[in-house]
Amino acid sequence: MAEAPPRALTIAGSDSGGGAGLQADLRTFFACGVHGMTAVTAVTVQNSLRVSGVVEIPAEVVAAQIETVASDIGVNAAKTGMLANADIIAAVAKACDGVGIGRGGRIPFVVDPVAASMHGDPLLHKDALRALREDLFPRATVVTPNLDEVALLTGIDVRNGEDQRAAAAALVELGAAWALVKGGHMRDDPECVDLLYDGVTFIELPAERVDTRHTHGGGDTMASAITSALAKGADVVSAVRFGKEFVTRSVRNAYPLGSGVGPVSPFWRLAPDDREQSGA
Ligand code: PXL
């Protein structure tokens with residue numbers, strides 16, 4: 001009998017197209033050798049072109065999923081994705097406190113503040129941004145916004161490295177232990193530089209910009225790779241470096257699907273060709 005691997009929990013929405021959301025999270029957990037568990041927050045009706053429907057799960061059912069897996073199976077690290085509304089966010093904060101997830105407890109907590117799909121379809125009610133800032137950021141080991149989310153959360157429109165530092169500082173000010181401001185959306189930059197900050201030290205994480213339009217689930221994959229590394233006991237800086245490397249390889253192995261945007265592939269280790277030989 002094999003030994004049980006570390007366990008990671010994603011608190012996130014379902015993407016029926018299998019590209020992003022909890023499907024991307026689970027793929028990444030398993031690709032990283034971690035057992036993946038889910039607290040489902042919403043079911044999206046979605047393909048490669050658009051999100052055409054959303055059903056939100058009752059907040060108490062989201063909380064019950066967290067409590068039920070934590071009390072029996074145990075959680076070594078957790079992450080959030082789509083949280084949909086303020087009631088769910090409040091219930092997640094309370095349930096996480098109860099089982100020791102987040103800064104008040106001993107279980108690392110990655111908060112990926114998902115607000116919209118890459119097509120701009122909303123995945124979070126506008127009035128829930130405040131709950132995200134006030135209920136979740138102070139509990140976060142690390143927050144992982146992209147630049148659109150940074151603008152919504154801090155009002156800072158990041159166009160260069162200086163803005164990126166100001167945004168990271170604002171996010172730490174909101175209570176996150178670490179902020180990772182992802183630079184992937186600064187499109188005129190030939191590199192894709194992410195910035196990690198803990199209130200003391202700025203750490204720049206550069207990577208090549210991969211030329212593809214198939215990046216569906218990229219943010220989820222990175223946050224899940226970070227969560228996997230934390231579940232295995234890595235410190236935050238090593239976990240984020242691992243996540244950056246992992247997502248760059250996953251984007252390099254993204255594939256077309258449907259007639260819209262295809263998903264990144266966390267299974268790049270199984271890539272059928274030798275694209276992996278050429279890079280990082
Ligand atoms: O990639 C962000 C994301 C998270 N969760 C769900 C999504 C998406 C993007 O489309 O659909 C359910």
Worksheet item: Parallel, tilted or perpendicular: which describes the rings of Tyr197 and Phe202, with under 30° parallel and over 60° perpendicular?
Response: parallel

Side-chain donor/acceptor of [X] to backbone N/O of [Y], under 3.5 Å:
X: Ser48; Y: Gly260; value: yes
X: Arg139; Y: Gly104; value: no
X: Thr68; Y: Gln65; value: no
X: Arg103; Y: Gly175; value: yes
X: Thr227; Y: Lys79; value: no
X: Arg106; Y: Ile101; value: no
X: Glu149; Y: Asn146; value: yes
X: Ser238; Y: Ala234; value: no
X: Arg209; Y: Gly184; value: yes
X: Arg7; Y: Ile73; value: yes

For [X] and [Y], work out which heavy atoms get closest and say how close.
X: Gly183; Y: Cys192; answer: C-SG, 4.5 Å
X: Ala91; Y: Ala63; answer: O-CB, 4.1 Å
X: Val75; Y: Ala77; answer: CG1-O, 3.3 Å
X: Ala59; Y: Asp87; answer: CB-O, 3.6 Å
X: Gln164; Y: Val181; answer: NE2-O, 3.0 Å
X: Pro206; Y: Glu204; answer: CD-O, 3.4 Å

If the threshold is 4.0 Å, N to carboxylate O, is there a salt bridge linking [X] and [Y]?
X: Arg249; Y: Glu245; value: yes
X: Lys244; Y: Asp194; value: yes
X: Arg165; Y: Asp163; value: no
X: Arg252; Y: Glu208; value: yes

Hey, does [Y] have a side-chain heavy atom less than 4.5 Å from the side chain of [X]?
X: Phe267; Y: Arg27; value: yes
X: Val51; Y: Val45; value: no
X: Leu257; Y: Pro263; value: yes
X: Ile11; Y: Ile66; value: yes
X: Asp157; Y: Arg159; value: yes
X: Thr141; Y: Val110; value: no
X: Lys182; Y: Leu180; value: yes
X: Asp198; Y: Thr201; value: yes

Calculate, to the nearest 0.5 Å, the distance between atoms [atom1] and [atom2] belonging to [X] and [Y] respectively.
X: Asp121; Y: Gln46; atom1: CG; atom2: CD; result: 7.5 Å
X: Thr80; Y: Leu132; atom1: OG1; atom2: CG; result: 7.0 Å
X: Cys96; Y: Ile107; atom1: SG; atom2: CD1; result: 8.5 Å
X: Asn85; Y: Leu124; atom1: CG; atom2: CG; result: 8.0 Å
X: Arg241; Y: Ile226; atom1: CZ; atom2: CD1; result: 12.0 Å
X: Met37; Y: Phe29; atom1: CE; atom2: CZ; result: 8.5 Å

Within one Ile-Leu-Val-Met-Phe-Trp-Tyr cluster: [X] and [Y], side-chain cutoff 4.5 Å:
X: Val261; Y: Val251; value: no
X: Leu22; Y: Phe109; value: yes
X: Leu205; Y: Val142; value: yes

Discussion item. I need the single residue from Asp112, Thr28, Asp25 that forms a side-chain hydrogen bond (donor to acceptor under 3.5 Å, both in side chains) with Ser224. Which is it?
Written reply: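 Per the side-chain hydrogen bond (donor to acceptor under 3.5 Å, both in side chains) rule, the option paired with Ser224 is Asp25, out of Asp112, Thr28, Asp25.
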
Worksheet item: Have Glu56 and Thr41 got a donor and an acceptor in their side chains that come within less than 3.5 Å?
Response: no

